[in-house]
Amino acid sequence: DVMALVEDIQVTSILDNEASLGPEDWADSAGSNSIYTAILSRNETVKDAKRLKTFLELRDKYVHKKVLFEDPLFPADDTTLFYSRKCPMKFEWKRPSEICENPQFIIDGANRTDICQGELGDCWLLAAIACLTLNEKLLYRVIPPDQSFTENYAGIFHFQFWRYGEWIDVVVDDRIPTCNNQLVFTKSYRNNEFWSALLEKAYAKLHGSYEALKGGNTLEAMEDFTGGVTEFFDLEEAPKELYKIMRKALERGSLMGCSIDVFSASDIESRTEVGLVRGHAYSITGLEECEQATKNTKIRLIRMRNPWGWVLWKGPWSTNSEEWSTLCVADKNNLKKQTVETSEFWMSFDDFKKNFTKLEICNLTPDTLQGDWRHSWTVAVNEGRWVRGSSAGGCRNFPDTFWTNPQYRLRLYEEDDDPEDEQVACTVVVALMQKGRRKERSKGAKLFTIGFSIYEVLNHSMRGCNQHLQKDFFLYTASKAKCKTYINLREVTERFRLPPGEYVIIPSTFHPHEEGEFILRPIVFVSDRAHANKEIAHDGILGERKKKKPKVKQGEKHEETEEEKQFRAIYKQIAGEDMQICANELKVVMKRVLDKHNEIKTEGFSLETCRSMIALMDTDGTGKLNLQEFKHLWRKIKEWQIIFKRYDQDKSCSISSFEMRNAVNDAGFQLNSQLYDIIAMRYADEHLNIDFDSFICCFVRLEGMFRAFKAFDKDGDGIIKLNVLEWLQLTMYS
Ligand SMILES: *[C@@H]1O[C@H](CO)[C@@H](O)[C@H](O)[C@H]1NC(C)=O
Ligand SMILES: *[C@@H]1O[C@H](CO)[C@@H](O)[C@H](O)[C@H]1NC(C)=O
Ligand SMILES: *[C@@H]1O[C@H](CO)[C@@H](O)[C@H](O)[C@H]1NC(C)=O
Ligand SMILES: *[C@@H]1O[C@H](CO)[C@@H](O)[C@H](O)[C@H]1NC(C)=O
């Protein structure tokens, strides 16, 4: 698996979730592409408060005006119902009070009987909601409960969803599509309860229309409700410890759903001989292991729910089947008591594995669960970007650029190990999600084909630090684990068992140069001791000088070298009496000096670069350069030129922008990955190369800005405070 020998494979998904991708995702505010949002850290507390304020403000305003809210962003007309075709029937939008008497938001707590599927193929969504009702805390995070049709009623409701790393609040009015005074889509078993219908509406708004909810993937909805990390299992190739994985998942409060794949449209919602519905999403609500007294064996049973609200299952362990007589009375009563008669049923775990083809698990993060579960696992949320020319390195089939992808360290300790396991290994789930592609769909953007690989860091001198691993490391080290394939899904998730150690995770797109944002979430189970996941370049202080600048000893006499004599001569000719040169003159001087140094093939420097050079060296504030300053500058340029040559291996007089991070490091600057991205964006040409002029220009600027910072940072604490004029002076002159 050394890189020269491996080939990463990509596959194209034609999954059902394609259909669930809505048109414009207006609420998707998290996917902002501005480089500045990536740099500025977010203050979630403030944001949270602000979001809530919008809802409360709106509600109070309408309560005060005594007018019912009408949502301009999701109008009650055909455009929000269907986008691809005309409405199949005539719908009437009605408020609950027009549909029935005494409408209620939630009656006696929300429970899973409140969700009955309507005319829309969104059982995947309902299965996710049904799972959600099993956990009150989760449910009331999504459905803020203090809403009603009596107190402070203004026809406005709100719900909260998780989008790409943060919770957003979605406001809706309470006009719901009906036909013959019946709700067309999701409804409650009781005709005067409306939370489920309004939740569906809010979710439809998030996706642009009701139709956008048609056909989907339970995992996506579960993630949007919980911020959890979802996993997918193909039951035909399920790991042998599947029962244990599922039991632990239930213990941790994870949500689970399962389904039977269909291979043609006509199969959708067709039934198997035993009464299971194909292409339909069931939720899994329990697992039990019981003694079968009459057979002297143990039997594993699984409890499921059909989101339609009724049971069609007629196989073994269905309501009146004879298998129940094999259990002792206590077990039997206990199990039967657990089911909600109308919609839940038991089946044997073996039949479950044979009859269903897909299992989805949504592992809730400690953040969602708020406290109780903290000791079960840790999750780290790393936001990152692939930037063309700097960190969009592609998969391992592109060894020249693969190493430039963002790298994340993962440290696993003995204590993370599951004590029930025989081998020493830690369970890790790694989830890589691409952000914001859906928003770009109207511009023709498709999901990228994404994936990741994991390398173990064995060399002790590379451990413990967050040094970016270089090309050679990947050329000569085999990967320890990787996702099965690169695939065009919103998220790629995979579960691994790894021995304790230090690892580096490399998320990438399949092809290099594809720009995008992503979230990488590794979950480490069992212990809270794994201090995982800091992006390598993100440690410590932004941009730090490694070396001290060599001090120029004052007053020290030295013989003028041959080169310096030449400078003096050139200077004399161009600068005139005062021996000072301006940018135009520096350009001429540089050209002449460079002509004498044929190791640098260049046309000379641009006027802009010369201006920056003067700004950098101009210590006396004259805007000009004297001979002393020039000599200084020249020494720097020669240092940088040596570095340039090191990376210009093909002597093309330009270097690949991907190499720039090493060049910058060699010169003694330590930056973070965002700065490397910025440098690539700012200085590379359209072929992702940086020529000598841009290269020097970049270094001049870096050097100059560091120096300016130092000058402002009088107490040396690494923080400066500038007013706008000082800021402008600093940035406009350099
Ligand atoms: C976020 O904002 C709150 C309220 O202004 C403040 O108390 C808190 O310190 C801020 N947190 C960070 C990390 O800046
Ligand atoms: C759901 O609510 C109904 C009405 O309050 C109640 O009869 C039923 O027992 C509840 N189901 C569960 C599983 O709590
Ligand atoms: C589904 O379960 C039934 C009931 O035990 C079993 O007879 C049948 O073989 C299973 N179906 C498949 C496709 O294995
Ligand atoms: C470990 O890394 C250091 C520094 O990168 C290197 O000098 C050394 O040769 C490496 N040792 C091994 C055994 O690869």
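Just so it is clear, the structure is predicted and the values come from calculations on it, not from any experiment.
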- Query: Side chains of S612 and T609: donor-acceptor distance under 3.5 Å anywhere?
  - Reply: no
- Side-chain contact, heavy-atom cut-off 4.5 Å: W386 with I450? yes
- Test item: L206 and I168 side chains (from C-beta on) under 4.5 Å apart, heavy atoms: yes
- How about L410 and V504: do any of their side-chain heavy atoms sit closer than 4.5 Å? no
- Item | Residue pair L671 / V664, side-chain heavy-atom distance below 4.5 Å | yes
- Item | Residues that S654 engages under side-chain hydrogen bond (donor to acceptor under 3.5 Å, both in side chains), provided they are two or more places apart | S652
- Message: Tell me whether D677 contacts the main-chain N or O of V387 through its side chain, where contact means a donor paired with an acceptor under 3.5 Å.
- Response: no
- Counting N and O atoms only, with roles assigned by atom type, does the side chain of E231 sit under 3.5 Å from a partner on the main chain of V229, one being a donor and the other an acceptor? no
- R661, R385, E515, Q407 screened by side chain to side chain contact (heavy atoms under 4.5 Å, CB included) with S391, the one that passes: R661
- Message: Taking S606's backbone N and O only, do any of them form a donor-acceptor pair with D693's side chain (distance below 3.5 Å, no angle check)?
- Response: yes
- Does a salt bridge link E223 with R521, judged by any charged N lying under 4.0 Å from a carboxylate O? yes
- Message: Looking at E514 and R388, is any side-chain nitrogen of the basic one under 4.0 Å from a carboxylate oxygen of the acidic one?
- Response: no
- Can you list the residues that meet the side-chain contact (heavy atoms from CB on, under 4.5 Å) rule with I642, with sequence neighbours excluded? R646
- What's the verdict on side-chain hydrogen bond (donor to acceptor under 3.5 Å, both in side chains) for R396 and S479, showing C-alpha distance, side-chain angles and the deciding distance? CA-CA 10 Å; R396 297 182 300 171; S479 66; 3.0 Å; yes
- Query: Do you see a donor-acceptor pair shorter than 3.5 Å between the side chains of T449 and N488?
  - Reply: no
- Task: Indicate the ring-plane relationship of F474 and Y455, choosing parallel, tilted or perpendicular according to the 30° and 60° boundaries.
- Result: perpendicular
- Query: Can you find a side-chain donor-acceptor pair between Y647 and D666 that sits under 3.5 Å?
  - Reply: yes
- When you measure from the side chain of Q434 to the backbone N and O of L489, does any donor-acceptor pair fall under 3.5 Å? yes
- Message: For F402, is there any backbone N or O sitting under 3.5 Å from a side-chain donor or acceptor partner on N405?
- Response: yes
- Message: Whether the Y486 and S508 side chains hold a donor-acceptor pair (N or O, under 3.5 Å, no angle test) is what I'd like checked.
- Response: yes
- Please work out whether the ring planes of F669 and F706 are parallel, tilted or perpendicular, with thresholds of 30° and 60°. parallel
- Closest approach of D648 to C653 (non-hydrogen atoms, all atoms of both residues): OD2-N, 2.9 Å
- Note on the structure: From the list R463, R409, H460, side chain to side chain donor-acceptor pair (under 3.5 Å) with E502 holds only for R409
- Message: Could you check whether any side-chain N or O of T485 sits under 3.5 Å from a backbone N or O of I487, counting only pairs where one atom can act as donor and the other as acceptor?
- Response: no
